[in-house]
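A note on names: the letters A, B, ... follow the listed sequences, proteins ahead of strands, and every chain is numbered from 1.
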There are 4 protein chains.
Amino acid sequence: MTVQRRRLEPEARRQEILEAAERLLRAHGPGVRIDEVVREVGVARGTFYLYFPTWDDLLEAVRARLFEAFDHTYPLPSEVRRPVDWPAALDWLVEAFVDFTVGLGGLHDAIFHSDFAQRRPSGDDAVVRLTAIIRAGQEAGSFAAVDAEPTARLLFAAIHEATDAVAAGADRDRTFAALRHILRGSLCP
Amino acid sequence: MTVQRRRLEPEARRQEILEAAERLLRAHGPGVRIDEVVREVGVARGTFYLYFPTWDDLLEAVRARLFEAFDHTYPLPSEVRRPVDWPAALDWLVEAFVDFTVGLGGLHDAIFHSDFAQRRPSGDDAVVRLTAIIRAGQEAGSFAAVDAEPTARLLFAAIHEATDAVAAGADRDRTFAALRHILRGSLCP
Amino acid sequence: MTVQRRRLEPEARRQEILEAAERLLRAHGPGVRIDEVVREVGVARGTFYLYFPTWDDLLEAVRARLFEAFDHTYPLPSEVRRPVDWPAALDWLVEAFVDFTVGLGGLHDAIFHSDFAQRRPSGDDAVVRLTAIIRAGQEAGSFAAVDAEPTARLLFAAIHEATDAVAAGADRDRTFAALRHILRGSLCP
Amino acid sequence: MTVQRRRLEPEARRQEILEAAERLLRAHGPGVRIDEVVREVGVARGTFYLYFPTWDDLLEAVRARLFEAFDHTYPLPSEVRRPVDWPAALDWLVEAFVDFTVGLGGLHDAIFHSDFAQRRPSGDDAVVRLTAIIRAGQEAGSFAAVDAEPTARLLFAAIHEATDAVAAGADRDRTFAALRHILRGSLCP
DNA sequence: AATGAATGAGGTTTCATTCAT
DNA sequence: TATGAATGAAACCTCATTCAT
C-alpha cells in the first residue's frame, strides 16, 4: 500500500534534497523546517538524515553551493592574458556580489543572519577572495600598501551591509556610490 | 517550604531582573533562558512576565540600557567650546565603541548576532550617531562631501566587524590600523 | 502619590464589586477575569478577596442576586385572595423565566454552563419553586397527581433548554408552543 | 535510561490513547490532563500531539466513540419486520440511554458538563435521533401531532436531567416514573 | 537505502490566589 | 480596610532528531 520507494543514486538524492531546500529557503527564508523539505522532495523524514547529519549541515551545504556558483560565474580576474584594471574589476565584482546576494531572497537571511551563521561561521571564503584581489592589485601597483587581510575583512562587512541595505529597500544607486567611494578611498593611493 | 517573598518597588525589581539577565548573558551568551534568569534573581517565573511580556522585550531593554550607557559615557563631541578635531574624535569614539562592545562578552552575540537581532532590528541608533558625526565634520570642513547616510551605514558595518574580529582574537592593533585607514580614506578629503 | 483610597462601608463595597462583575459578565460572558472586575471597580486585586474568598463565591453571589430579583419580580401566585388558574399561571411564569434568562446575555453562560455550574450546583431553587407550584395546582385540583419533586426537576430541565434554544436563535413561538404542550401534557389531568 | 520505544500502527496507537483517556476520565472526571494520559499510555507527550492537535480534539473523539457505541448497541427500532410499539420502544430506549450515561462515571461530566461542552457543542445527535423516533411514532399513529423538532429538543433535556438526577443519587424508580409520565403526556394522543 | 512513528526537551504564557506592607 | 507585587502550577505547543522496522 505504500508509495513506491524511489531508490536513487546517493549523490542524486542528496542533490534533490539540497535543491528542494534551496528553493524553499529562497521562497520562505529562515523558518523553513525539515518537514517541509522532505515533503517537497517526497521522501520520508528519516531519509533526510541519511544525507545530512543535522539541519545545520544542510545549510552549510547550501551555503557552499552558493559560494561555488558565485565563484564559477564570477572568477577572479587574472593577469595571465593582459593587465587588469583592478579598481574597475573590484567595483564590478562587488556589484555582482551584491546583486547575487540580494537575488537570494529569503535564503540570504537563512544563511547570513540566522543563528546558523553564529553556530557555523562561514569560513571567510569571501574575505579570502577579497584579500587575494587586494594583494593582486597591490602587486600591480593599483592599490595602496594597506594591510590586506584585516582591510579585506572590514571592507567585506561594508559590502555585505550594502547587500542588506539594498535588500531592505535602500536606494541602490546611492548605496553603490557610497560603497565605491569607500573602496576607492581605502584602497587607492 | 516557600522562600520568603521579597517585595520590591516595581522599578527596583525590574532593574534586578535586567541586571541579572545582563550578567548571565555576558557570561553565557545567547542561550540563556527565562528560567535561568528567574533562578538567578530568586523570583518566580510569573514575576518575570510581570515586567517583560516576552523574552525579546527583555533583550530589547538590555540593549537600550547598553546604548544609553555608551551614549552617556561617550557623548558626541560638540564645537560649543572650541573647534573639534573630527578625524581624531572619530578615531577615538570608534575605538571606545569597539572596546565597549568587545567587553560585552556573550552579551554581544545575544544582542547583535542572534535571531533576536533579526526579529527586533535595533533602530540604527549607531548609524544615526555616525551620520551626525560625519555631517558635523563636513560642516567643519574636516570631512569630504560624501553622502553621509549610506556612508555611515556601510562604515558602521566595518566598525562592527572590527568588534567581531577583535572579539574573535584578531590582532587588535592591525585591526584598528586597518579600520582607521578605511575611515580616513573614506571621509577625509 | 497613590490614588486616594476610598473607604466604604463593607456592604457598599461588596455591592459595588458584585454589580461590576454582573455588568462585565453580561457583556462578555464567562472568561471575565478578576483583574477586569477590580479594574472596573477601581480597587486593588487584594480588595476583592476581602469580600469574596474565591471567584466562585462571587459567581455564587451573583447567581443568588439574580434568583432573588426574579423571585421578587415574579412572586409565586397565591390563592389567598382568589382562586388561581394554575395552568395559565405556570405558562406565564415559565415565559417570564425564559425571557429573563435570555436577557442575561453572557451572564447566562457564566452561571449555567461553565465549569462553575459543575463545581457549585445551584441548590435547586428553581426546582423547589416549581415543585411548590405543582403541589399548589394539585391541591387546587388543576394538576394531575404526578410525583411533584422529580417531575419538577425534569420539567425544569426542559424549561431551561427552551432558554438555551431561544438564546441560540431557535424560533421563539415554536419553542414556547412545544414547551407549553409538554407542561400541559405532563401536569394536566 | 529511556524506556524501549513501542512502535505501533497509527490507528492502534490512536486507539490506545483514546482508551487510556476514556479510562482515566471515567475514574477521575474532568480535570484529567494530557500528562496523565501519556503517562498512562507510556508514551511521550509529543506522541499525544501526533494524534490529537488539542485536548478538545481528544474529548471530541471520545464523545464520538461513545455515541457510536450507544447507537450500535441500541439501534433505532424499525417497522420493517413487524409493527413497533412506539411508546414502549421509547421508554426502553430512554432507560437504556440513562443507564448508559450514568455508567460513564466521571466521563459524563467531562463530556457533557465541562467547558468543553460549551466550546464544542455536540451536534445534537441525540436530538436528531429522538426527532426521528417521534416522527416514526407519529406516522404509525402512536404519537400525537406535536412539533417534532423542538419537542424532541426539550424532551431530551428532561431525559438528560434524569441521567444527572440518577447519577447524583436520586431515586431511580421515581425518576423513571416521572420521566415516563412526561414522555407519555407529551407525545401520546 | 528508506521509512515514519516516537521522542522529549524546549519555550511561551496565564491567572487565581497569597501575603508583606 | 486596602494594596499590589509575588507566586507557581497548569496548559499549551513545536520540531530537530532518533530508531525500530
(message) Filter on ring pair (Phe, Tyr, Trp, His ring centres under 6.0 Å), then keep only pairs touching residues 14-49 of chain C, sequence neighbours left out; what's left?
(response) Phe48(C)-Phe52(C)
(request) Round to the nearest Å and state the distance from Arg6(B) atom CZ to dG4(F) atom C1'. (result) 17 Å
(message) Under the rule for side chain to side chain donor-acceptor pair (under 3.5 Å), what residues qualify as partners of Arg63(A), not counting sequence neighbours?
(response) none
(message) Once salt bridge (Lys or Arg N to Asp or Glu O under 4.0 Å) is applied, do any residues pair with Glu19(B), and if so which ones, sequence neighbours excluded?
(response) Arg65(B)
(request) Identify, residue by residue, the members of residues 11-18 of chain B with a heavy atom below 4.0 Å from DNA chain F, and return them in order of residue number, or none. (result) Arg13(B)
(message) Checking Ala12(A) now: which residues fulfil side chain to side chain contact (heavy atoms under 4.5 Å, CB included) with it, not counting sequence neighbours?
(response) Leu8(A), Glu9(A)
(message) Measure CG/Leu50(D) against C1'/dA16(F) and give the value in whole Å, please.
(response) 14 Å
(request) Apply side chain to side chain contact (heavy atoms under 4.5 Å, CB included) to Asp56(C) and list each qualifying residue two or more places apart in sequence or on a separate chain. (result) Thr54(C), Leu59(C), Phe116(C), Arg119(C), Arg120(C)
(message) With a cut-off of less than 4.0 Å, is there a side-chain N or O of Tyr51(A) near OP1 or OP2 of dA2(E)?
(response) yes
(request) Could you check whether Phe52(B) gets within reach of a base, just the sugar-phosphate, or nothing at all, counting any heavy atom under 4.0 Å? (result) nothing
(message) Suppose the criterion is salt bridge (Lys or Arg N to Asp or Glu O under 4.0 Å): which pairs have a residue in residues 104-115 of chain B, not counting sequence neighbours?
(response) none
Please table the atom pairs, donor to acceptor, closer than 3.5 Å between any side-chain atom in residues 36-45 of chain B and protein atoms at least two apart or in another chain.
residue  : atom : partner  : partner atom : Å
Glu36(B) : OE2  : Arg33(B) : N            : 2.8
Glu40(B) : OE2  : Arg23(B) : NH1          : 2.5
Arg45(B) : NE   : Asp35(B) : OD1          : 3.3

(request) Name all residues meeting the side chain to side chain donor-acceptor pair (under 3.5 Å) criterion together with Arg26(C); count only those two or more places apart in sequence or in a different chain, and write none if there are none. (result) Glu22(C)
(message) I want to check something: taking the side chain as every heavy atom from C-beta on, are Ile111(B) and Leu104(B) in contact at a cut-off of under 4.5 Å?
(response) no
(request) Kindly write out the residues that satisfy side chain to side chain donor-acceptor pair (under 3.5 Å) with His108(A), not counting sequence neighbours, or none if the list is empty. (result) His160(A), Asp164(A)
(message) Treating primed atoms plus P, OP1 and OP2 as sugar-phosphate and everything else as base, which nucleotides of nucleotides 16-21 of chain E get B, S or - for protein heavy atoms under 4.0 Å?
(response) BBBSBS
(request) Both distances under 3.5 Å, Watson-Crick or G-U wobble: on that basis, could you give the dot-bracket string for DNA chain F, with [ ] for crossing pairs and | for other-strand partners? (result) .||||||||||||||||||||
